[in-house]
J.: 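Mind looking over this structure? Questions follow.
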Amino acid sequence: MRQKELRIALVCYGGVSLAVYMHGVTRELWQLARASRDFHTGATPRLGVDAVYRALLETVAEERDLRLRVLPDIMSGASAGGINTVFLAQAIYSGQSLEPLTNLWLEVADVDELVDPAARLKWRFSKIWAQPFATWLLSRPGTDLADEVAPETQAEVERKVSHLIRGRWFEPPFSGLGFSRLLERAFSAMADSEIEDPLLPPGHPLDLYVTATDFHGYLELLRLHSPPVVEDTEHRMPITFRARTPQKGGTDLANPLELVFAARSTASFPGAFPPLRIGEIDRLSDLTERAWSGREDFLERIMPVHVARETLDNVSLIDGSVLVNKPFAGAISALQGRPAQREVDRRFIYVDPRPDRTTGSGKERSEPVGFFSAIFGSLSTLPREQPIRDNLEQLEEQSREAERLSRMVSALRPEVDGAVEKLFGRTLFLDRPTPPRLKNWRQKAQQAAAERAGYAFHAYAQAKFAGIVSRLARLTLTAAPKLGFDEPSPIEAVLREELVRRGLDTLAAPAGGASPKAIAFFREHDIGFRIRRLRLLARRLARDWEIDPEIPDDALETGRDAVYRILALYFEKEGTAPLGAAFEPLAEGVMRDPGTLLDMIEAKRLLPDLDDRAEELLAAALEQMPKNLRRRMLLTYLGFPYYDVATLPLLRNEGLTEFDPVKVDRISPDDARSIREGGTAATLRGIEFYNFGAFFSRAYRENDYLWGRLHGAERMVDLICSTLVKPFDDNTCRHFKREAFHAILDEEQAAGRCSQRLIDAIRAEVVERLP
């Protein structure tokens with residue numbers, strides 16, 4: 001049976017109290033991933049919506065001969081969305097339950113809970129003179145209680161708004177430390193939940209990226225033509241985590257205090273919460289008796305400039321949405337160099353609870369913008385980095401490039417196959433492919449491809465050389481943030497100078513092809529070439545890319561498994577971890593001694609030795625393949641240098657990397673209309689009071705959370721159905737959506753978290769629309 005990974009990069013926008021809706025959506029992604037893991041491991045079936053998702057995956061396997069696994073492995077969020085991505089990443093990585101976060105949003109995401117004790121009214125007549133202002137705010141167009149608030153919640157909302165406005169003035173009403181304690185309590189509750197296995201395969205990387213804003217900022221160097229260097233202030237401070245999934249559950253993605261730091265800072269809404277200062281997390285450590293053992297390493301990693309300049313005490317972090325409300329860039333950057341164990345369908349999914357950002361009626365829009373409208377609107381409803389077109393066009397260009405690459409390889413294939421057969425003769429396919437033979441054949445093919453390229457080889461060699469030096473410079477910068485460089489070009493310059501001193505001022509030999517020194521350099525450092533070659537092998541084993549009914553599916557799957565096992569050997573050599581602790585001081589000294597750094601990388605990676613191990617595995621795999629498949633693999637393996645010479649100078653991303661396009665999906669109320677038409681305005685209550693509405697009413701939170709789950713479930717089914725080459729018919733998809741809706745309503749009714757009246761009303765709509 002074919003196997004495929006549906007990999008999800010999730011992007012969650014800021015949205016103030018619409019975080020409750022986003023939690024409902026992300027909870028469904030968590031439950032789908034959990035059902036997928038259970039399906040692949042053969043775990044005991046669960047009840048509820050997990051059973052529906054598992055039944056859908058089983059149907060895909062039975063009717064489409066495809067074992068599909070859902071892997072959410074990249075999380076990126078801002079503000080309220082950042083909180084949800086932090087907790088989701090922890091649940092995926094640790095195998096802990098996401099249930100405690102549901103309780104956090106429903107029970108304590110309320111102004112009465114969040115208000116700083118010093119800002120609470122001492123008695124009910126405190127600051128009664130401010131009551132007219134509260135009344136005006138509640139009765140102005142667009143927030144009139146009689147029109148916009150359900151009758152049963154009017155009194156609750158009016159009371160809380162009045163208390164909030166009459167509380168502490170000119171200081172944030174909500175407690176920063178109190179918020180941090182609530183977040184820490186949720187992480188503790190997750191740790192106390194039943195621990196299961198992680199939702200990603202062992203060793204698979206998980207990336208988490210949340211945005212924060214450094215209020216005071218810090219100076220960075222910019223390189224210009226004239227003057228050559230200037231200083232500019234940078235306020236963006238992304239907080240990132242990357243870890244490889246452990247074998248068993250129970251291990252935190254990072255120290256929970258660091259996860260609290262990320263969630264608290266990204267959601268530090270200006271004016272509502274005080275900015276996060278590092279001392280607040282130190283106080284939290286004392287109050288909770290949690291040790292922050294990696295404090296210095298964490299701070300040096302996320303704010304190296306402040307550490308180097310000893311300005312940590314001055315850092316004040318505010319809401320990440322102030323500058324970056326739609327953090328696509330962080331998720332896109334995490335795509336580079338990700339391993340693949342199976343065929344991959346990569347999706348970018350962004351959660352946008354309010355895609356229609358226009359506010360107010362036509363009459364309101366014709367009026368001048370008022371004082372408070374300008375303040376609240378600029379902080380909560382106007383999107384930053386608007387629109388997302390640039391990010392989507394970047395992904396679209398990558399997809400178009402992947403399609404161009406596929407067409408190019410297909411067009412080159414007859415000529416490359418002919419060149420390989422001419423070079424080795426037809427007896428090549430009669431010889432047993434032992435490891436020594438594979439090595440000799442490979443070296444002979446590489447030399448022949450270089451010589452045949454003629455003048456074009458020099459451009460190819462320079463492209464390879466530039467790519468390797470760029471990789472090494474980025475690797476060095478990652479290990480040495482103390483260097484203070486905002487980009488790796490200064491490191492590239494010194495590495496190039498060192499390599500020129502070693503005789504690499506020219507890469508071509510007089511008789512054609514690469515010079516002996518260039519060959520040695522590529523052999524020791526060109527890990528990208530090895531990965532590109534193996535990715536092409538894997539792609540030629542994909543049924544949808546090259547149809548050959550004479551090759552059985554099980555032979556293709558066995559071959560793909562072998563290729564990806566070999567790929568894993570090279571992936572393990574990437575990054576700074578394989579280089580050990582001794583690499584960091586060498587990286588910090590690269591500007592004065594680049595040679596020692598290059599020698600250490602060569603000695604630690606030992607790529608030629610790894611090539612020998614890889615060819616042992618490949619020879620064993622070829623031995624088991626039917627002759628027609630073995631012929632295809634040998635033509636591809638030995639012909640790869642010909643493909644690489646032709647494609648590398650023309651394509652970005654170091655040539656033959658990914659062959660499949662990246663697809664983008666949105667989850668919003670406007671995209672999930674199976675139950676109710678009308679989108680956001682017809683379903684969500686948190687949009688009231690400039691998106692603060694759900695913080696004033698438990699009923700609002702229950703409504704938005706439940707609709708988040710329902711919309712999330714609908715889009716999860718859409719996601720699974722859309723990854724099939726031969727999609728299900730509409731009735732099949734409708735069936736699974738209906739079953740998922742009823743399962744969610746049953747779960748929430750049993751849990752007693754949501755109003756029975758709300759559940760009954762929505763169930764009636766489900767029955768009417770999806771009988």
Side-chain angles (χ1 to χ4, degrees), residues 404-465 467 507-516 518-519 522-523 526 528-542 545-548 551 559 563 566 611 614-615 618-619 621-622 625-651 654-657 659:
R404 288 196 299 268
L405 176 60
S406 296
R407 291 194 297 268
M408 192 181 303
V409 170
S410 296
L412 289 171
R413 187 179 303 151
E415 183 178 350
V416 172
D417 289 353
V420 173
E421 289 181 337
K422 183 178 179 180
L423 179 64
F424 291 99
R426 295 188 179 275
T427 58
L428 166 70
F429 305 107
L430 301 177
D431 292 331
R432 181 169 172 260
T434 62
R437 282 176 178 163
L438 276 179
K439 182 175 182 178
N440 291 333
W441 294 343
R442 167 173 55 83
Q443 292 175 346
K444 182 178 180 180
Q446 288 176 194
Q447 184 63 25
E451 293 173 354
R452 180 169 175 171
Y455 290 110
F457 177 78
H458 193 67
Y460 168 69
Q462 289 295 334
K464 277 168 65 81
F465 183 77
L507 303 174
S515 67
I519 292 174
F522 293 147
R523 187 174 295 156
D526 195 359
F529 177 89
R530 278 94 160 174
I531 291 173
R532 294 194 299 273
R533 179 173 57 200
L534 288 164
R535 284 193 184 279
L536 182 59
L537 279 177
R539 202 65 187 94
R540 286 208 71 178
L541 286 162
W545 208 49
E546 188 174 359
I547 299 174
D548 187 346
I551 299 177
V563 170
I566 299 168
D611 292 339
E615 279 169 337
L618 183 59
L622 290 169
M625 293 180 183
K627 290 183 179 179
N628 51 358
L629 181 58
R630 184 190 309 153
R631 181 179 185 275
R632 179 195 294 184
M633 289 295 97
L634 282 172
L635 287 172
T636 305
Y637 187 71
L638 300 178
F640 176 75
Y642 295 89
Y643 292 115
D644 208 41
V645 166
T647 61
L648 184 64
L650 303 178
L651 299 175
E654 299 188 44
L656 295 167
T657 53
F659 292 87

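Remember, predicted model here, so these are calculated numbers, not experimental data. Values below: all heavy atoms of this structure, side chains included; hydrogens, waters and symmetry mates excluded.
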J.: Find the distance between CG (L541) and CZ (R539) and round it off to the nearest 0.5 Å.
T.: 10.0 Å
J.: Test: salt bridge (charged side-chain N to carboxylate O under 4.0 Å, His left out). Region: residues 438-454. Which pairs qualify, not counting sequence neighbours?
T.: E415-R452, K439-D612, R442-E615
J.: A side-chain contact here means heavy atoms from C-beta on lying under 4.5 Å apart; do Q447 and I519 qualify?
T.: yes
J.: Do you know which two heavy atoms are closest between P433 and A619, and how far apart they sit?
T.: O-CB, 3.0 Å
J.: Which heavy atom of F522 sits nearest a heavy atom of A461, and at what distance?
T.: CZ-O, 3.9 Å
J.: Kindly compute the distance separating CZ (R631) from CD (E421), expressed to the nearest 0.5 Å.
T.: 4.5 Å
J.: Counting C-beta onward and ignoring hydrogens, is there a side-chain heavy-atom pair between L622 and L438 closer than 4.5 Å?
T.: yes
J.: Any heavy-atom pair between the side chains of T636 and V416 that's under 4.5 Å?
T.: no
J.: Output the distance between atom CD1 (I566) and atom CG (L537), rounded to the nearest 0.5 Å.
T.: 8.0 Å
J.: Are side-chain heavy atoms of F529 and L648 found at a separation under 4.5 Å?
T.: no
J.: Show the numbers, then the answer: is there a side chain to side chain contact (heavy atoms under 4.5 Å, CB included) between Y642 and L412?
T.: CA-CA 9 Å; Y642 295 89; L412 289 171; over 6 Å; no
J.: Hey, does F640 have a side-chain heavy atom less than 4.5 Å from the side chain of Q446?
T.: no
J.: Could you tell me the separation between the CG atom of D644 and the CG atom of L536, rounded to the nearest 0.5 Å?
T.: 9.5 Å
J.: Can you name the closest pair of heavy atoms from V645 and A453 and give their distance?
T.: CG1-CB, 3.7 Å
J.: Sub-3.5 Å donor-acceptor pair from the side chain of R540 to the main-chain atoms of M633, do we have one?
T.: no
J.: Could you go step by step and tell me if R632 and I551 meet the side chain to side chain contact (heavy atoms under 4.5 Å, CB included) rule?
T.: CA-CA 11 Å; R632 179 195 294 184; I551 299 177; 3.3 Å; yes
J.: Can you check whether R630 reaches L634 side chain to side chain, under 4.5 Å on heavy atoms?
T.: yes
J.: Locate the shortest heavy-atom distance separating A449 from P641; write the atom from each residue and the value.
T.: CB-CB, 3.6 Å
J.: Rounded to the nearest 0.5 Å, what's the gap from CG on D526 to CZ on R533? Could you check?
T.: 9.5 Å
